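Since the structure comes first, as structure tokens, the remarks are kept for the end.
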Amino acid sequence: QVQLVESGGGLVQAGGSLRLSCAASGRFFSNYAVAWFRQAPAKEREFVAAISWNGANTYYGDSTKARFTVSRDNTKNTVYLQMNNLKPEDTAVYYCAADEAIVESEVDIAAEYDSWGQGTQVTVSS
């Protein structure tokens, strides 16, 4: 497993942008697929985006594609989530998760990830 720490959350007006970071410690982070999930109060955890171990493949949830971009820099053990044109419904705690053994059909399933960060709050005001 790896240890994950998210940062970059905050308060932003609708239409604004934020970039979240997920910094990893532990060996062989470059072997791990990483995903972003979010959870709003009283709602289920929702898949946001995922990126393969080498960055060659990216995946997005239906509500975030075209506005969010996931990327990674394995030299810095960090994955990023660039969020543009934010909407009030994007308000949630955002979590990054990582796993070595994710297959493409499972990237959006939270239970498949072994390592999780503590989350960072994103609040979008209208």
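Hydrogens, waters and symmetry mates are skipped; everything else that's a heavy atom, side chains included, is used. This is a predicted model, so every value here is computed, not measured.
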> For the hydrophobic clusters of this structure (ILVMFWY residues joined by side-chain heavy atoms under 4.5 Å, transitively), does one cluster hold both Leu86 and Leu81?
Replying inline: yes
> Below 4.5 Å, heavy atoms only, C-beta onward: do Val34 and Phe29 meet side chain to side chain?
Replying inline: yes
>> What I'd like to find out is whether the side chain of Glu6 reaches to under 4.5 Å of the side chain of Leu20, using heavy atoms alone.
In response: no
> Do any N or O atoms from the side chain of Asp99 and from the backbone of Asp114 form a donor-acceptor pair under 3.5 angstrom?
Replying inline: yes
> Hey, does Val93 have a side-chain heavy atom less than 4.5 Å from the side chain of Thr120?
Replying inline: no
>> Using ring centroids (six-membered ring only for Trp), state whether Tyr95 and Phe37 fall under 6.0 Å.
In response: no
> Would the number of heavy atoms belonging to other residues, nucleotides or ligands and lying under 6.0 Å from CD of Gln118 be above 12?
Replying inline: yes
> If you look at every heavy atom in Asn74 and Ser30, which pair is closest and at what distance?
Replying inline: ND2-CB, 3.6 Å
>> Quick one, Thr69 with Met83, criterion side-chain contact (heavy atoms from CB on, under 4.5 Å). Give me CA distance, side-chain angles, the key distance, then yes/no.
In response: CA-CA 7 Å; Thr69 302; Met83 306 186 295; over 6 Å; no
> Quick one: do the Thr78 and Asp73 side chains pair a donor with an acceptor below 3.5 Å?
Replying inline: no
> Quick one: does Gln82's side chain have a donor or acceptor within less than 3.5 Å of a partner on Val70's backbone?
Replying inline: no
>> In the structure I gave you, are the side-chain heavy atoms of Cys22 and Trp36 within less than 4.5 Å of one another anywhere?
In response: yes
> Out of curiosity, Asn84 CG to Arg67 CZ, how far, rounded to the nearest 0.5 Å?
Replying inline: 9.0 Å
>> Between Tyr59 and Asp108, is there a side-chain heavy-atom distance shorter than 4.5 Å?
In response: no
>> Quick check: closest heavy atoms across Leu18 and Gly8, and the distance to 0.1 Å?
In response: CD2-O, 3.8 Å
> How far apart are the closest heavy atoms of Ala110 and Trp116, and which atoms are they?
Replying inline: O-CZ2, 3.3 Å
>> To check you understand the geometry: which heavy-atom pair defines the closest contact between Phe47 and Gly61, and what is its length?
In response: CE2-N, 3.6 Å
> With a 4.5 Å limit on heavy-atom distance, are the side chains of Thr91 and Gln121 in contact?
Replying inline: yes
> So do the side chains of Glu100 and Gln1 get within less than 4.5 Å of each other, counting heavy atoms only?
Replying inline: no
> What orientation do Phe68 and Tyr94 show, parallel under 30°, tilted 30 to 60°, or perpendicular over 60°?
Replying inline: tilted
> Can you name the nearest heavy-atom pair linking Val79 to Arg72, along with the distance?
Replying inline: CG2-CB, 3.7 Å
> If you take all heavy atoms of Thr58 and Tyr60, which pair is closest and at what distance?
Replying inline: OG1-CE1, 3.7 Å
>> If we ignore hydrogens and angles and just use 3.5 Å, is the side chain of Thr64 paired with the main-chain N or O of Val48 as donor and acceptor?
In response: yes
>> So, using salt bridge (Lys or Arg N to Asp or Glu O under 4.0 Å) as the criterion, who are the partners of Arg38 when residues are at least two apart?
In response: Glu46, Asp90
> Quick one: does Leu4's side chain get under 4.5 Å of Val2's, heavy atoms only?
Replying inline: yes
